[in-house]
Amino acid sequence: VQGLFPFAPSRHRAFHTASVLESGKVLFSGGFNRLRDGEHFVAEGPFFEVFDPFTGLFERPTIEDEFSGQEVAMHRAAVLEGHKVIITGGISEAVFKYEQGGEIKLKMEVPFETTYNCDESACFTFSKSVVVADEGAGTVVESFLPKRLVVHQSAIVQKGGDPTVVISGGITFNDETFAPSTSDRYIECGVGDILAGEPAVCAEDDSTSLHAPRYSHASACLVEEGDLGPCDEYLIFGGVNEGQPPAEVFSSTREDGFNKPLSFTEVTKLNEVLFPFLAKVEDEPGKPAKLYSFGGVSADSVSIQNTESVLTTQFSAPDVMPQQVNVNLGTQNMTTAGFDLKDLEPAGAVYRLFPSVSVPEAGRIMLVGGLGEDNTPTKKVLFFEEPETHALTYSGPAKKAKTARFGHTATVLKHGLLEGAVLIVGGMKVDKGTGSILFADDAEIYIP
């Protein structure tokens with residue numbers, strides 16, 4: 001879609017979140033949006049921005065004037081009551097660059113402390129904030145987690161008769177020992193307490209542990225009432241360095257415990273996949289949705305080093321094939337099935353890290369951008385669909401986006417003149433001449 005004016009948010013964003021509200025507006029939260037010294041990507045205001053599908057414009061919401069919390073990227077956002085968004089964790093600064101050698105690797109360095117955008121002395125890069133933004137009322141409520149978190153997951157889950165925010169896994173940072181570690185806990189936050197503005201509404205204890213430490217995992221709501229209601233059966237998946245279980249389900253219906261482990265019925269490496277995306281295709285109401293895993297890297301392809309002041313992660317090229325994930329809540333296990341990729345040339349074009357995965361129409365999935373099999377951003381847009389066999393198939397031919405990008409968002413518009421279209425915003429790109437990583441500061445719209 002081309003117009004007289006640049007089609008883009010007011011500031012470039014990367015590793016941000018995009019949440020579709022009940023009104024149809026898309027609320028963008030956080031993200032890196034300032035490049036300092038050519039390598040340091042910094043989270044800075046404006047923290048919030050809105051895309052209005054009825055006007056086709058990016059707008060500054062009232063909540064931006066009310067926000068005073070820590071600016072973050074790589075955080076998590078969950079929609080609450082259809083018009084509120086709850087934001088947790090994240091980091092304020094990171095260095096992204098390529099390491100040259102026999103294999104091109106993406107290197108991400110996260111300093112423990114930063115002096116940038118701090119009122120007095122150095123402050124922590126990792127965030128422990130909880131922010132609830134009500135775009136309709138123009139209000140912002142801020143609270144705190146019991147620990148600092150990044151690459152975790154969050155969702156609004158039904159627990160008993162009360163909606164509860166469940167925050168699982170992630171890499172946590174200890175303020176006193178300066179030691180990052182993988183979390184084996186999940187945190188619960190009462191929705192009522194959050195909205196009441198209680199300062200310490202989120203808690204964890206020894207009885208709320210996960211069945212395995214997880215970070216950079218994926219999640220999906222298996223069963224929910226309505227598009228924006230609390231989730232009755234909530235799945236977290238992957239992100240386990242070694243061993244089992246590959247997944248866990250938080251259930252509002254089981255009498256034998258809130259969260260239960262799930263195992264694969266056959267040998268698979270998906271339990272150890274890091275940074276996967278789960279696409280959900282609706283089937284029958286009240287039954288578990290169909291899930292498909294896209295992208296990511298195997299745990300042995302990621303190197304994490306911790307020095308006295310920096311957490312360094314090196315990513316090899318993505319190496320995980322997409323798979324169908326079949327969940328059986330009754331037997332508490334899962335099976336997988338590969339995709340039909342015979343028409344995709346080369347088949348490795350489906351490898352992705354930090355792409356976007358959208359479901360623009362029932363039974364069809366859209367894979368946009370990300371780092372491809374050579375570990376550089378790709379323009380390729382791939383489509384997959386479910387024929388009568390109910391097995392996902394590559395439906396080609398591949399299309400090309402305007403910009404090769406990663407760390408972006410792709411959001412299906414629910415209202416307006418372009419209902420059903422996919423809004424692609426922000427991310428990072430690479431200057432092919434210098435190898436430098438830059439902001440992809442434009443936006444695109446794909447119309448099916």
I'd like to check the side chain to side chain donor-acceptor pair (under 3.5 Å) partners of [X]; sequence neighbours left out, ordered by chain and number.
X: Glu361; result: none
X: Lys107; result: Glu109
X: Gln158; result: none

Can you list the residues that meet the side chain to side chain contact (heavy atoms under 4.5 Å, CB included) rule with [X], with sequence neighbours excluded?
X: Thr378; value: Arg352, Lys380
X: Pro322; value: Phe294, Phe339, Val350
X: Val430; value: Tyr98, Pro377, Ile437
X: Ser92; value: Gln70, Val72, Thr125

Can you list the residues that meet the ring-ring contact (aromatic ring centres under 6.0 Å, His included) rule with [X], with sequence neighbours excluded?
X: Phe277; result: none
X: Phe126; result: Phe173
X: Phe258; result: Phe250
X: His12; result: Phe439

Task: Check: Phe275 ring centroid to Phe354 ring centroid under 6.0 Å - done: yes

- [ ] On the 0 to 90° scale, with breaks at 30° and 60°, tag the Phe48-Phe67 ring pair as parallel, tilted or perpendicular.
- [x]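 Plane angle over 60°, so perpendicular.
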
- [ ] Classify the angle between the aromatic ring planes of Phe7 and Phe58 as parallel (below 30°), tilted (30 to 60°) or perpendicular (above 60°).
- [x]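 Plane angle between 30° and 60°, so tilted.
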
Under 3.5 Å, sequence neighbours excluded: what are the donor-acceptor pairs made by side chains of residues 415-424?
none

Open item on the list: Just to verify, which of Asn326, Thr265, Asn328 counts as forming a side-chain hydrogen bond (donor to acceptor under 3.5 Å, both in side chains) with Thr335?
Closed with: Asn326

Task: Any donor-acceptor pair under 3.5 Å from Asn174 side chain to Ala179 backbone - done: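 The answer is no, because no donor-acceptor pair under 3.5 Å joins these two groups.
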
Task: Trace of the salt bridge (Lys or Arg N to Asp or Glu O under 4.0 Å) decision for Glu444 with Arg405 - done: CA-CA 11 Å; Glu444 304 178 51; Arg405 64 181 86 212; 2.7 Å; yes

